[in-house]
2 protein chains.
Amino acid sequence: MTLRSNPGLAALAAEMETHGATRDAPTRSVMALLGDRWSTLIMLVLAETTLRHSELKATLEKLSSEQAISQKILTEKLRRLERDGFVARIAGNGPTPMVNYELTDLGRGFHKQIRRLIGWINDNAETILSSRMEADA
Amino acid sequence: MTLRSNPGLAALAAEMETHGATRDAPTRSVMALLGDRWSTLIMLVLAETTLRHSELKATLEKLSSEQAISQKILTEKLRRLERDGFVARIAGNGPTPMVNYELTDLGRGFHKQIRRLIGWINDNAETILSSRMEADA
DNA sequence: CCGCATCCTAGGCGATACTG
DNA sequence: CAGTATCGCCTAGGATGCGG
């Protein structure tokens, strides 16, 4: 099974090698969102309702038993999701800051994929857990 | 939209909070595989063919334009995939080491999910890239 | 209320050298 | 060939304080 005989895999691998520069294939950088600490959870929350920055932070705090997200990271993650077009940032123009975040159509599409993925993992959780218990024994 | 009124999200969040201890819900730890440097690529390769450790390393090197995987990391990743039951390790009992790795049925199922995910990202790559270009401008 | 700058820590990852 | 041990880098993430 050489590289030459398998262009499909090579193409996939090439996509996976890119890291998010403007013109790079987005495969790897988008998949990285699934692995990081907050991005997925942020999208799960925003899929339910549009929220302001502070409300979003509070909601994540309620949902997160261990630790709250820092403002810095929340802003960072939202910026990144906004850059990719998954989240829209709507700033009010009053005297006091008032910034709303919501999923775009693209974000909703991605959210569906996330839910499907979580569904598969849940469907196979028993198998995975029993494998772990056997391995750790 | 309180936590109480939204048990579905709370359940999802709870799963996402766990980190891979033996009895934890596997959601988060499995999603983390999608984000790391090598796990996904390893599964893409093993989905095509069973390989020995050294062959796998060589294949990953060919596919990876930038950098090769270190022996240490390859072993580490394989151990983890094996623990979760995605990969099977088949050691020969001859005088010279001869260890084959292949996907399990569970691993093949997971691989299908990965391909589906990559497919969605590719289908939406144009949108994502144009969003990035606009954001970076 | 929102975001930025600074400093800090933990963990992923890699290079190298060494065993059976 | 397969795996382990040691070392060091780099970056995601967190704590805190300031500015608009």
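Small disclaimer: the values here were computed from a predicted structure and weren't measured.
As rounded to whole Å, 13 Å separates atom C1' of C:dA15 from atom CD of B:Glu61.
Within the structure, a side-chain polar atom (N or O) of B:Ser54 is placed less than 4.0 Å from OP1 or OP2 of D:dC1. Contact check, A:Arg89 against C:dC2: no side-chain N or O comes under 4.0 Å of OP1 or OP2. Contact annotation: A:Tyr101 does not reach the phosphate of C:dC1 (side-chain N/O to OP1 or OP2, under 4.0 Å).
Taking all atoms of both residues into account, the shortest heavy-atom contact from B:His111 to B:Met43 is CD2-O, 3.9 Å.
Looking at heavy-atom distances under 4.0 Å, A:Arg79 makes contact with sugar-phosphate atoms alone, never a base. Using a 4.0 Å heavy-atom distance criterion, B:Lys57 is classed as making no nucleic acid contact. Residue-level contact check: A:Thr75 touches the backbone only, with heavy atoms under 4.0 Å from sugar-phosphate atoms and none from bases. Note on A:Glu76: nothing from the nucleic acid sits closer than 4.0 angstrom, heavy atoms only.
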When you look at A:Arg79 and A:Arg89, which way does the side chain to side chain contact (heavy atoms under 4.5 Å, CB included) test go after all the steps?
CA-CA 9 Å; A:Arg79 287 281 179 279; A:Arg89 180 181 187 275; 3.4 Å; yes
Between B:Asn100 and B:His53, is the side chain to side chain contact (heavy atoms under 4.5 Å, CB included) condition met? List the steps.
CA-CA 7 Å; B:Asn100 280 281; B:His53 182 109; over 6 Å; no
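Contact annotation: the side chain of B:Tyr101 never approaches that of B:Ile90 to less than 4.5 Å [non-hydrogen atoms, C-beta and beyond]. When side chains are defined from C-beta on, A:Arg80 counts as touching A:Leu33, because their heavy atoms get closer than 4.5 Å. A 4.5 Å side-chain heavy-atom check between A:Met98 and A:Arg52 finds at least one atom pair inside the cut-off.
For B:Gln67, taking side-chain heavy atoms from C-beta onward, the closest of the listed nucleotides C:dA15, D:dA15, C:dC4 is C:dA15.
Mapping A:Trp38 and B:Arg52 onto DNA chain D by nearest heavy atom places B:Arg52 closer to the 5' end of the strand.
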Output one line per pair: protein atom, nucleotide atom from nucleotides 8-10 of chain D, and distance, for all N/O pairs under 3.5 Å.
none

